[in-house]
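Have a look at the structure below before the remarks.
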Protein chains: 2
Amino acid sequence: MPKQTFLNLPEQKRQNLMKAAEEEFARVPLHEASIANIVKTAGIPRGSFYQYFEDKEDVYFYLLQEETKDRKLKFIHKLKEHNGDIIDAVTDFYYEFLVELPDEQELDFIKNALLNVTHKIENAFMSMFDENQTSEYTNEIVKLIDKGRLNIQSDKEIFHITQIIIAVAFRNFVEKFSRELSDKEAIENFTIEMNLLKNGLYKT
Amino acid sequence: MPKQTFLNLPEQKRQNLMKAAEEEFARVPLHEASIANIVKTAGIPRGSFYQYFEDKEDVYFYLLQEETKDRKLKFIHKLKEHNGDIIDAVTDFYYEFLVELPDEQELDFIKNALLNVTHKIENAFMSMFDENQTSEYTNEIVKLIDKGRLNIQSDKEIFHITQIIIAVAFRNFVEKFSRELSDKEAIENFTIEMNLLKNGLYKT
DNA sequence: ATTGACATGTGACACGATGTCATATATGAT
DNA sequence: ATCATATATGACATCGTGTCACATGTCAAT
């Protein structure tokens with residue numbers, strides 16, 4: 001988390017710095033990114049950077065988190081739209097994400113994140129699901145899911161269902177970028193796999 | 001890949017260096033590991049290191065690959081043992097992996113790898129499945145899988161089935177370490193999710 | 001308007017890591 | 001014994017990080 005000093009900064013200066021950070025993280029993945037470049041682009045002295053953030057990772061995850069915020073809202077919206085059908089909601093969400101691509105810089109940032117995912121990055125990215133199992137947000141999601149459709153005995157299994165969906169959805173996401181699939185291919189694969197998930201991998 | 005020079009080295013010296021590398025990668029994740037430490041532990045001059053490997057990543061992936069080799073054979077064995085039931089084979093494989101833990105150093109190495117997985121690391125680790133879609137090994141696996149049990153129309157879908165299983169298995173694996181689950185919990189979760197995969201997330 | 005306490009800005013610096021290269025040494029065939 | 005080729009070595013240039021002593025700004029109290 002950024003330090004208070006950063007949050008006290010005038011809007012403009014803050015955005016300027018975040019933009020410079022995104023530029024650097026779009027250029028190269030986290031561990032190759034250099035603070036020297038960020039401060040150069042932002043036109044601030046090196047010392048100031050450390051006034052605002054602990055280190056490189058601190059800006060990185062702050063940025064990632066900021067860019068995920070509205071995705072979370074969008075997901076809730078999709079879940080309502082599909083009357084709690086979680087797989088339909090996820091599929092639609094995925095589709096829309098691919099179609100209305102963010103600007104190039106943000107896209108490169110996402111690519112770099114996906115191809116170098118750590119567990120921490122995956123969690124930040126997929127925080128629309130798990131983040132924190134007792135959070136307000138998670139509660140709302142679980143409430144919205146139509147359990148009637150699901151092949152479960154107890155509520156406890158919802159957790160496993162979401163885990164499975166996250167795992168498969170995320171892997172599709174990563175594959176799309178690592179194997180440079182077209183949107184069409186990516187969505188086809190995604191749909192096939194989601195159907196297999198729905199109906200089971202084994203014959204009944 | 002290591003350079004020829006490295007492969008020409010006497011067995012003992014090679015093992016010594018690999019052991020030193022593993023020690024460093026067990027201590028910290030890839031991007032924090034330092035070549036300085038490796039050469040110090042191995043007792044070789046810095047220049048020699050670059051005689052043998054391109055860079056840090058080069059040793060890292062070589063090590064990872066070496067340690068995965070016999071896991072691949074073991075997986076084939078499991079698949080035969082379970083008459084081509086891929087989910088039973090994977091579950092058994094997972095169980096055995098957890099139970100007969102490798103030595104502490106290798107375990108720490110694996111932990112660091114799992115908690116900082118990049119797409120490349122995941123692929124190296126899970127090469128018992130996909131590695132290269134046209135490899136000899138993949139062919140054998142596909143041949144061994146009992147397609148009769150699977151809910152598929154064409155062979156093409158086998159690929160998706162394995163993708164799904166990899167995704168879910170791998171995530172369970174990462175969770176086991178990141179959330180420090182006991183072996184018992186880990187295997188319980190794994191089994192529940194594999195059953196959900198078999199029978200489908202949705203009611204029929 | 002002056003003071004002082006506190007917050008923020010600044011960049012030189014100590015430290016450590018990387019990859020290279022000129023030079024030294026070993027090896028093995030003729 | 002000679003020479004070509006392969007290997008060994010460690011000093012070095014370069015770059016990146018995080019810190020710290022010092023400079024500057026802010027603002028409430030007098």
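In the text below, chain A, chain B and the rest are named by the order of the sequence lines, each starting its count at 1. Note that the structure is predicted; figures quoted are calculated from it, not measured. Any value given below was found using the heavy atoms of this structure, including those in side chains, with hydrogens, waters and symmetry copies removed.
- Atom CD of Gln4(B) is separated from atom C1' of dT7(D) by 13 Å (rounded to the nearest Å).
- Nucleotide dG16(C) holds its P atom 18 Å from the CD1 atom of Ile38(B), rounded to whole Å.
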Item to complete: Before giving the answer on side-chain contact (heavy atoms from CB on, under 4.5 Å), spell out for Thr68(A) and Arg71(A) the whole-Å C-alpha distance, their side-chain angles and the decisive distance to 0.1 Å.
Response: CA-CA 5 Å; Thr68(A) 308; Arg71(A) 279 204 280 278; 3.7 Å; yes

Worksheet item: Given the rule in the salt bridge (Lys or Arg N to Asp or Glu O under 4.0 Å) test, do Glu185(A) and Arg179(A) qualify, once you have shown the distances and angles that lead to the verdict?
Response: CA-CA 11 Å; Glu185(A) 285 172 297; Arg179(A) 292 174 46 214; over 6 Å; no

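- Checked against dT17(D), dT9(D), dG19(C), the side chain of Gln51(B) finds its nearest nucleotide in dT9(D).
- Looking at Phe109(B), Phe53(B), Phe125(B) one by one, the single match for ring pair (Phe, Tyr, Trp, His ring centres under 6.0 Å) with Tyr60(B) turns out to be Phe109(B).
- Residue Phe49(B) contributes atom CZ, which lies 12 Å from atom C1' of dA17(C) at whole-angstrom precision.
- Two residues, Lys56(A) and Arg46(B), neighbour DNA chain D, and the one matched to the more 5' nucleotide by heavy-atom proximity is Arg46(B).
- Using a 4.0 Å heavy-atom distance criterion, Lys13(A) is classed as a sugar-phosphate-only contact.
- Contact check, Tyr52(A) against dG9(C): a side-chain N or O comes under 4.0 Å of OP1 or OP2.
- For Leu9(A), the listed nucleotide lying nearest its side chain is dG9(C); candidates were dG9(C), dT17(D), dT9(D).
- A donor-acceptor contact closer than 3.5 angstrom links the side chains of Asp92(A) and His82(A).
- Regarding His31(B), its NE2 atom lies at a distance of 16 Å from the P atom of dG16(D), rounded to whole Å.
- Between the P atom of dT8(C) and the CZ atom of Phe53(A) lies a distance of 14 Å, rounded to the nearest Å.
- The side chain of Asn8(B) places an N or O atom within less than 4.0 Å of a non-bridging phosphate oxygen (OP1 or OP2) of dT7(D).
- Regarding Ile44(A), its CD1 atom lies at a distance of 9 Å from the P atom of dT10(C), rounded to whole Å.
- Atom NZ in Lys40(B) sits about 13 Å away from atom P in dT18(C), given to the nearest Å.
- No side-chain N or O of Glu175(B) forms a donor-acceptor pair with one of Asn189(B) less than 3.5 Å apart.
- dA21(D) atom C1' lies 18 Å from atom OH of Tyr50(A), rounded to whole Å.
- Within the 4.0 angstrom heavy-atom criterion, only backbone atoms of the sugar-phosphate kind lie near Thr5(A); the bases stay farther away.
- Using a 4.0 Å heavy-atom criterion, one finds that Ser34(A) contacts the sugar-phosphate atoms exclusively.
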